[in-house]
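Model, not experiment: these values are computed from the prediction. Proteins get letters first, then strands, A, B, ... in listed order; numbering begins at 1 in each.
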Amino acid sequence: MDIFADFGERVRSTIARLGWTAADGTALDLTRVVVEPPRDAAHGDLAVNAAMVLAKPMGKQPRALAIELMGELAADPDVAETEVAGPGFLNLRLSAGYWARFLALVLREGEAYGRGTPGKGAVNVEYVSANPTGPMHVGHCRGAVVGDALANILAHAGHAVTKEYYINDAGAQVDVLARSAHLRYREALGEAIGEIPEGLYPGDYLKPVGEALAKRFGASLVGKPESEWLEEVRRTAIDGMMAMIREDLAALNVRHDVFFSEKSLQNAPDGDRVAQAIDTLTAAGLMYRGRLEPPKGQLPEDWEDREQVLFRSTQFGDDVDRPLMKSDGSYTYFASDIAYHLDKYRRGFANQIDIWGADHGGYVKRMQAAVKAISGGKASLDVKLCQLVKLFRAGEPVKMSKRSGSFVTLREVVDEVGVDAVRFMMLFRKSDAPLDFDFQKVTEQSKDNPVFYVQYAHARVHSVFAQAREGLPALDLSDEGLGGADLTRLSDAGEIGLMKRIAQWPRVVEGAAESHEPHRIAFFLHDLASDLHAHWNRGKDLPQLRFVNVDDPLSSHARLAMVRAVASVLASGLAVLGVSAPKEMR
RNA sequence: GGCCCCGUAGCUCAGGGGAUAGAGCGACAGCCUUCUAAGCUGUUGGUCGCAGGUUCGAAUCCUGCCGGGGUCGCCA
């Protein structure tokens with residue numbers, strides 16, 4: 001049930017009935033005709049822009065068209081008031097009967113209210129993809145939550161979504177990991193290893209890996225050349241790190257459908273997938289031998305000017321063509337990534353989304369170029385860049401240093417403030433804007449803390465129902481019973497306001513899904529909670545507006561129905577964000 | 001220097017073709033001596049960085065500047 005879509009249809013069929021055509025007699029393009037909530041509540045419940053959009057193609061005055069349209073729509077029994085305003089808006093106010101039917105429908109749909117129709121196509125969302133070289137730190141947090149919530153939103157909107165994690169287990173970093181683990185292995189055997197040398201990972205989290213290696217191999221890997229143990233140790237270390245990362249993700253309430261190994265690309269059953277991807281590009285005439293200009297700005301120390309094989313990414317909007325092979329003959333990371341995205345495309349994902357940290361921004365164009373190139377223009381990639389999170393404690397910045405190993409892990413944050421606070425706060429800002437996160441603020445029980453404010457709104461509804469059961473035991477508070485209340489009694493501006501907010505839920509979901517902007521859900525929930533709290537507070541001075549009035553069971557019944565719908569939308573929204581909807585606050 | 005993101009009220013930020021640009025915090029002024037659980041109501045406050053352009057209409061789209069951040073072959 002989407003009242004804006006409903007009236008959008010009514011407007012379009014009215015235009016057809018009126019026989020409106022373009023000035024030259026051809027059919028009108030109605031794609032820009034929309035029915036929206038007006039910015040100002042004084043303008044009514046729905047705003048129709050048809051007259052303004054169609055005035056030019058029809059060669060008529062917008063206000064005259066609006067008046068003509070108004071004449072028809074005023075006859076609609078669901079429309080209570082009409083007016084033409086401003087440059088040619090047609091404003092509609094809906095009848096009490098329409099609102100009553102709407103609310104009953106929302107109650108009947110329950111958690112399904114706001115879901116898009118299924119069958120919108122497959123989308124692959126790749127996020128986190130942290131290197132398997134250590135525990136997740138707080139910097140990974142935002143991308144993890146944004147990606148997870150976005151995937152949920154897309155699923156809610158009707159897409160078939162796959163959540164994916166790309167394991168970077170093929171580069172030089174995992175060799176460093178293996179050497180670090182080998183050192184811990186010797187340590188586990190009783191050797192004094194002293195300080196961890198520069199260039200290796202110093203963290204204690206590798207000790208269990210060392211112990212596991214000691215248990216499995218005894219002393220058999222000691223004193224052997226690296227070539228004899230590297231692969232085995234590397235595999236064990238990566239498995240250990242990924243197990244740790246999965247636990248971290250689980251603590252954040254993040255679960256991926258697919259963990260895709262970079263290494264598996266080169267060792268695929270059907271051969272080297274990276275080579276195949278490059279062959280695909282070569283066959284398309286997109287590879288050539290050439291030279292690159294040295295990069296502007298700081299010149300790399302070991303820059304060598306050489307002729308190499310380049311991918312013509314500029315043909316797809318990139319700034320310069322890109323090498324896919326290093327000078328030692330191995331593939332660049334980009335080459336693997338192309339093969340990976342090609343794999344995603346072959347698995348049926350023409351619609352791909354990657355969530356990256358903002359420091360990878362320079363990589364976006366080439367990856368999008370590659371996706372276009374390997375799919376013959378049939379696939380597209382959207383990259384959401386997440387800006388930094390700055391940590392504070394009671395207003396004071398939290399110092400972090402990677403060198404000293406004093407960086408804050410994801411687990412520490414979740415353990416201290418809880419998943420709900422972490423997830424909601426990470427989503428309570430546009431992802432491309434920096435975000436301040438204050439450990440103290442996000443656990444405060446006050447209206448200044450958005451997490452609390454929204455969850456409390458949900459809990460408050462349950463508190464209202466507890467009181468209703470006590471004060472008005474005769475009322476049927478089941479969903480059917482509430483749907484059968486006399487909902488036309490809802491006429492106060494605050495009540496209508498709440499229903500109008502509820503009515504926006506489907507379009508908010510759709511908008512967030514289409515724009516790939518999960519924060520819209522969080523802000524909507526905050527607005528809805530705010531409406532509820534505000535209306536509640538009005539009952540303080542005006543007892544006749546209270547949700548539960550023992551003197552007025554009929555109005556109470558209707559209000560309880562409305563409040564149930566509010567809670568239902570809050571619960572749906574929070575569920576999509578992966579945040580719990582508590583029945584009471586403690 | 002190239003590219004990307006950002007610039008909206010004193011502060012933190014929404015709004016991203018539509019009407020008189022919003023919210024929270026702050027500030028100011030009341031209420032709150034009790035009910036519906038962690039306050040409430042009101043007031044204040046903006047040249048939407050600047051200048052052009054597109055449009056019936058621009059905070060929103062385009063171009064160019066200014067300012068802040070990020071990034072710039074073989075790190076992933």
All N/O donor-acceptor pairs, side-chain side in residues 534-544 of chain A, below 3.5 Å, sequence neighbours left out:
unit_1	atom_1	unit_2	atom_2	d
H535(A)	ND1	R538(A)	NH1	3.0
N537(A)	ND2	H533(A)	O	3.0

query: Within less than 4.0 Å of OP1 or OP2 of G15(B), is there a side-chain N or O belonging to H519(A)?
result: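 Checking G15(B) against H519(A), a side-chain N or O does come within under 4.0 Å of OP1 or OP2.
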query: OP1 or OP2 of C40(B) less than 4.0 angstrom from a side-chain nitrogen or oxygen of K540(A), does that happen here?
result: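 For K540(A), the contact criterion (side-chain N or O under 4.0 Å from OP1 or OP2 of C40(B)) is not met.
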In the structure shown, which nucleotide is the Watson-Crick or G-U wobble counterpart of [N], with both distances under 3.5 Å?
N      : answer
A29(B) : U41(B)
C3(B)  : G70(B)
C56(B) : G18(B)
C65(B) : G49(B)
C11(B) : G24(B)

message: Just by distance, no angles: are the side chains of D337(A) and Y331(A) close enough, under 3.5 Å, to form a donor-acceptor pair?
response: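 No, no side-chain donor-acceptor pair sits under 3.5 Å.
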- prompt: Given C40(B), U12(B), C75(B), which nucleotide is nearest the side-chain atoms of R429(A)?
  reply: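 Minimum distance to the R429(A) side chain belongs to U12(B).
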query: Which nucleotide, G16(B), A38(B), C56(B), lies nearest any side-chain atom of R460(A)?
result: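 That would be A38(B).
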task: Classify the nucleic acid contact of S515(A) as base, sugar-phosphate or nothing, counting any heavy atom under 4.0 Å across all strands shown.
output: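 Counting heavy atoms under 4.0 Å across all strands, no contact is made by S515(A).
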query: Would you call K344(A) and E126(A) a salt bridge, using N to O less than 4.0 angstrom?
result: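 Salt bridge between K344(A) and E126(A), a charged N being under 4.0 Å from a carboxylate O: yes.
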- prompt: Quick one: do D448(A) and K441(A) make a salt bridge, cutoff under 4.0 Å?
  reply: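 Answer for the salt bridge query: no.
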field: Where at least one partner belongs to residues 313-326 of chain A, residue pairs that pass salt bridge (Lys or Arg N to Asp or Glu O under 4.0 Å), sequence neighbours excluded
entry: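 Sorted result for residues 313-326 of chain A: D318(A)-R322(A), D319(A)-K365(A).
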query: Is it true that a side-chain atom of D382(A) and a backbone atom of I353(A) form a donor plus acceptor pair closer than 3.5 Å?
result: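 A pair under 3.5 Å: no.
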Using a cutoff of under 3.5 Å, can you pull out all pairs of nitrogen or oxygen atoms linking the protein to nucleotides 63-71 of chain B, with atom names and distances?
unit_1	atom_1	unit_2	atom_2	d
G70(B)	O2'	A358(A)	O	3.4

